[in-house]
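Hydrogens, waters and symmetry mates are skipped; everything else that's a heavy atom, side chains included, is used.
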Amino acid sequence: MASIGQIVSPTPGNDALSRARSRAALVPDCLVEAKRIANTVIAGWHGRRKRGIGENFWQFRPYAEGESLSRIDWRRSARDDHTYIRDHEWEAAHTIWLWADMSPSMMYKSTYGHVSKEGRALVLMLALAEILARSGERIGCPGIMEPISARNAAERLAAALMHTPLEGGLPQTSMIRGWSDIVLIGDFLDDADSVMSRIGPLARRGLRGHVVEVADPAEEIFPYAGRTEFTDPENGAKLVAGRAENLREDYQRAYLARRENLGQSLRHLGWTFVSHRTDRLTSEALVAVHMYLSGMPAKATLGGQP
């Protein structure tokens, strides 16, 4: 049987320098793709706008008794028999931390996926940085880049990643202060209890979190048949199945149960969860996360079977 998937490595070698160079080479292409997707998603839509203190016009609304007369827009009020207040847009920047897990398992790409999980995670992170920066938010990456508020935050994050590549697992968050949002992107293939033991302390510190599970289609549908050798990308352990198709039902049940348990545990903490497959449009996950960051409802799971 032909190989269905493989561990993607742009350059040969397993040493840290080789892996760092391969990821640095990947970042510019990911940034271009991220900006293209961000332009598509953000066109005509500003999902985080809200009323507050600022200089930009937001909306007209009817005057309510007790409000300051100085806020009345007399020109608009003169058009009919109602009195209107001129609201402005809230401009207080919020800090949002972005992180993509670069564990060895993220290098996987099957013939069913459009890109590797690593490539999709980087594009998602940079596209979020692009959209949030345009919204005036402060963007940071734990251990990689301190929070900044700048229109070119995505470019600056990409440059930082070329010099200090992301590591595997969850990030160090001791530098995060105050009430912030953190977006964690990875495959989260460990059991839900193990993942939650690391995420729980972040929630108890007041961080509002958003988890994006990036999955290759083959990991979900298990298309293997006949004699198949499976290799654990984390530790190199191998498993040979004589008739892999006999494992499909039990595997799918365990795989989906892990995802459901993780999603429920996260929601119990007040965090959000999005599941995204690499054979789906990047914009699907991007829109869902952006809506969650905006405080709007969105579907908890995206990117299932097409």
Side-chain angles (χ1 to χ4, degrees), residues 34-98 124-140 145-157 176-183 203 205-210 212 267 269-274 281-302:
K35 292 178 77 68
R36 181 189 67 79
I37 294 168
N39 287 332
T40 301
V41 170
I42 205 170
W45 178 48
H46 195 327
R48 288 181 63 82
R49 292 176 65 191
K50 56 183 177 180
R51 187 173 71 232
I53 301 172
E55 298 180 356
N56 297 326
F57 170 72
W58 169 241
Q59 65 180 359
F60 290 118
R61 64 176 175 83
Y63 169 79
E65 184 177 354
E67 293 188 283
S68 173
L69 296 178
S70 64
R71 299 184 60 201
I72 295 176
D73 190 288
W74 297 107
R75 179 176 297 180
R76 174 64 183 87
S77 301
R79 297 179 189 173
D80 53 41
D81 296 330
H82 300 284
T83 303
Y84 292 93
I85 293 290
R86 184 183 182 89
D87 276 335
H88 293 83
E89 183 179 349
W90 179 260
E91 292 181 353
H94 187 62
T95 300
I96 300 172
W97 297 85
L98 306 175
L124 273 171
M125 183 172 68
L126 292 171
L128 274 171
E130 176 73 14
I131 288 180
L132 294 169
R134 294 189 194 183
S135 301
E137 310 293 9
R138 300 174 71 242
I139 307 302
M145 185 179 79
E146 290 295 317
I148 59 171
S149 180
R151 292 284 296 211
N152 66 339
E155 288 89 344
R156 293 170 67 173
L157 176 55
I176 300 179
R177 296 288 184 269
W179 294 83
S180 306
D181 280 67
I182 184 168
V183 179
R205 284 172 46 196
L207 271 70
R208 193 168 73 115
H210 312 274
V212 182
R267 287 187 284 272
L269 290 178
W271 284 34
T272 66
F273 178 71
V274 172
L281 296 175
T282 309
S283 56
E284 291 181 357
L286 187 60
V287 167
V289 176
H290 192 238
M291 291 181 71
Y292 279 137
L293 286 166
S294 305
M296 292 185 286
K299 292 182 178 179
T301 303
L302 293 176

Margin query: With rounding to the nearest 0.5 angstrom, report the CG to CE distance, L98 to M145.
Written below: 8.0 Å
Checklist line | Candidates E137, H94, H210 - the one meeting side chain to side chain contact (heavy atoms under 4.5 Å, CB included) with L293 | finding: H210
Checklist line | Closest approach of L286 to A127 (non-hydrogen atoms, all atoms of both residues) | finding: CD2-CB, 3.8 Å
Check: Nearest 0.5 Å, what's the NZ-CD1 distance between K35 and I37?
Finding: 12.5 Å
Margin query: For A150, is there any backbone N or O sitting under 3.5 Å from a side-chain donor or acceptor partner on R156?
Written below: no
Next item on the list: Check step by step if side-chain contact (heavy atoms from CB on, under 4.5 Å) holds for V274 and Y292.
Entry: CA-CA 10 Å; V274 172; Y292 279 137; 3.6 Å; yes
Check: Could you state the interatomic distance from CG (L157) to CG (N152), rounded to the nearest 0.5 Å?
Finding: 11.0 Å
Checklist line | Over all atoms of both residues, closest heavy-atom pair of S149 and G136 | finding: OG-O, 3.7 Å
Notebook entry, point to check: What is the minimum heavy-atom distance between S77 and D73, and which atoms define it?
Noted result: OG-O, 2.8 Å
Item checked: Gap between atom NE2 of H290 and atom OG of S283 - 0.5 Å precision -> 13.5 Å
Checklist line | Worked check of side-chain contact (heavy atoms from CB on, under 4.5 Å) between E155 and L126 | finding: CA-CA 8 Å; E155 288 89 344; L126 292 171; over 6 Å; no
Note to self: I'd like to know whether I96 forms a side-chain contact (heavy atoms from CB on, under 4.5 Å) with R208, so could you lay out the CA-CA distance, the side-chain angles of the two residues, the decisive distance to 0.1 Å, and finally the verdict.
What the structure shows: CA-CA 9 Å; I96 300 172; R208 193 168 73 115; over 6 Å; no
Checklist line | Flag, side chain of W271 to backbone of L207, donor-acceptor distance under 3.5 Å | finding: yes
Next item on the list: Starting at CG of D181, measure out to CG of L132 and round the result to the nearest 0.5 Å.
Entry: 9.0 Å
Note to self: So E130 and I139, do their side chains get closer than 4.5 Å, heavy atoms only?
What the structure shows: no
Item checked: From W97 atom CH2 to R138 atom CZ, the distance as rounded to the nearest 0.5 Å -> 8.0 Å
